[in-house]
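So that the names make sense, note that chain A is the first sequence line, chain B the second, and so on, each numbered from 1.
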Amino acid sequence: KAGVTQTPRYLIKTRGQQVTLSCSPISGHRSVSWYQQTPGQGLQFLFEYFSETQRNKGNFPGRFSGRQFSNSRSEMNVSTLELGDSALYLCASSLSLAGDITDTQYFGPGTRLTVL
Amino acid sequence: DQQVKQNSPSLSVQEGRISILNCDYTNSMFDYFLWYKKYPAEGPTFLISISSIKDKNEDGRFTVFLNKSAKHLSLHIVPSQPGDSAVYFCAASQGGSEKLVFGKGTKLTVNP
């Protein structure tokens, strides 16, 4: 079974631009979560999508948004990029069966975003 | 407020010996805990997990121990191998939420 895939793997943008990152979950997984990893803050939860609806949200400004399509693929968008948005953006997918607290998330390789 | 803490940024052990990585948490509502391993330029790889109804879970060379009263968990790797050298992250969730709260990681180096 193929793992979580993310595109692109690397991206360079300038301040003020916007960017869209893509994530394809493991086949059959219905939940997609996004995380930001930086050296100072570590891995931080951005948001989670399930059945095309945002189900959980972390403490990030509104410039960070996402969506999920009917095939469970997800995109994440960051508008008006700032230097501090430079990070590794990770996507994770899980089955998310109702009532299962032991649901495990599997991560993709990440997209390395550099903002100049 | 850091709810999951890994107080040792790094750990170095000899090949064949035991590696013990520690993690503390403050939120008593966490009921599921996971360990991930991460190599540079790759995403975290799931290693092992434990739910709050257990105090131990074992998978091959990896064992996770959970002490709920102390809000502490640890990952034991026996025997350690050079290929285990990576950054290890502890993560926690509550109530089946997909939101994982991560520690800042411990860099393990296993010397041949």
Side-chain angles (χ1 to χ4, degrees), chain A residues 3-6 9-10 21 23 25-26 29-51 53-60 66 68 72 74 88-112, chain B residues 1-10 23-25 27-54 57 59 62 64 66 68 73 86-107:
Chain A
V4 178
T5 58
Q6 292 186 246
R9 291 294 310 277
Y10 302 92
L21 312 181
C23 172
I26 292 171
H29 284 195
R30 302 186 301 168
S31 168
V32 174
S33 298
W34 290 89
Y35 293 82
Q36 180 196 64
Q37 184 184 22
T38 58
Q41 298 300 318
L43 274 151
Q44 292 188 293
F45 175 80
L46 280 155
F47 31 64
E48 181 230 350
Y49 285 85
F50 179 83
S51 290
T53 302
Q54 187 180 88
R55 189 163 64 171
N56 280 298
K57 189 177 189 310
N59 297 323
F60 279 81
Q68 186 181 35
S72 293
S74 176
L88 180 67
Y89 289 89
L90 293 157
C91 164
S93 75
S94 65
L95 281 169
S96 193
L97 299 173
D100 180 10
I101 71 161
T102 63
D103 198 26
T104 298
Q105 290 187 39
Y106 296 89
F107 284 81
T111 294
R112 169 70 64 184
Chain B
D1 176 32
Q2 206 178 339
Q3 297 185 68
V4 177
K5 297 179 185 178
Q6 293 177 257
N7 292 318
S8 299
S10 63
C23 178
D24 297 295
Y25 61 96
N27 186 345
S28 58
M29 299 300 291
F30 287 144
D31 53 16
Y32 188 52
F33 304 88
L34 308 93
W35 284 94
Y36 287 87
K37 177 170 78 171
K38 188 178 184 301
Y39 295 115
E42 293 184 14
T45 300
F46 170 72
L47 268 177
I48 192 169
S49 62
I50 189 167
S51 73
S52 58
I53 62 172
K54 294 184 175 182
N57 189 26
D59 184 3
F62 302 91
V64 56
L66 175 62
K68 288 188 291 295
L73 65 155
V87 178
Y88 288 77
F89 290 94
C90 166
S93 67
Q94 66 179 80
S97 168
E98 303 301 322
K99 176 181 176 180
L100 290 178
V101 180
F102 281 87
K104 297 238 170 141
T106 296
K107 183 177 181 180

Parallel, tilted or perpendicular: which one describes the rings of B/Phe46 and A/Tyr106, with boundaries at 30° and 60°? perpendicular

Give the ring-plane orientation class for B/Phe33 versus B/Tyr25, where under 30° counts as parallel, over 60° as perpendicular and anything between as tilted.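 Correct class here is tilted.
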
Compare every heavy atom of B/Asp31 with every heavy atom of B/Gln94, then report the nearest pair and how far apart it is. CA-OD1, 3.3 Å

For B/Glu98 and A/Asp103, work out which heavy atoms get closest and say how close. OE2-OD2, 3.0 Å

Contact part of [X] toward chain B, heavy-atom cut-off under 4.5 Å: side chain, backbone, both or neither?
X        : result
A/Tyr35  : side chain
A/Gln105 : both
A/Leu88  : side chain

Contact class of [X] relative to chain A, heavy atoms under 4.5 angstrom:
X        : value
B/Lys104 : side chain
B/Leu100 : both
B/Glu42  : backbone
B/Tyr36  : side chain

Is there a donor-acceptor contact under 3.5 Å from the side chain of B/Gln2 to the main chain of B/Val4? yes

Could you check whether any side-chain N or O of B/Lys37 sits under 3.5 Å from a backbone N or O of B/Leu47, counting only pairs where one atom can act as donor and the other as acceptor? no

Residue among A/Gln37, A/Gln44, A/Arg9, A/Gln6 with most heavy-atom pairs under 4.5 Å to chain B: A/Gln37

If you count heavy-atom pairs under 4.5 Å with chain B, which of A/Ser96, A/Gly42, A/Pro109 comes out on top?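 Top option by heavy-atom pairs under 4.5 Å: A/Pro109.
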
A/Ser51: partners by side chain to side chain contact (heavy atoms under 4.5 Å, CB included), with sequence neighbours left out: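 Per chain and number, A/Ser51 pairs via side chain to side chain contact (heavy atoms under 4.5 Å, CB included) with no residue.
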
B/Ala91, B/Ser51, B/Pro44, B/Ser49: which one forms the most heavy-atom pairs within less than 4.5 Å of chain A?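 Looking at each of B/Ala91, B/Ser51, B/Pro44, B/Ser49 in turn, B/Pro44 comes out on top.
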
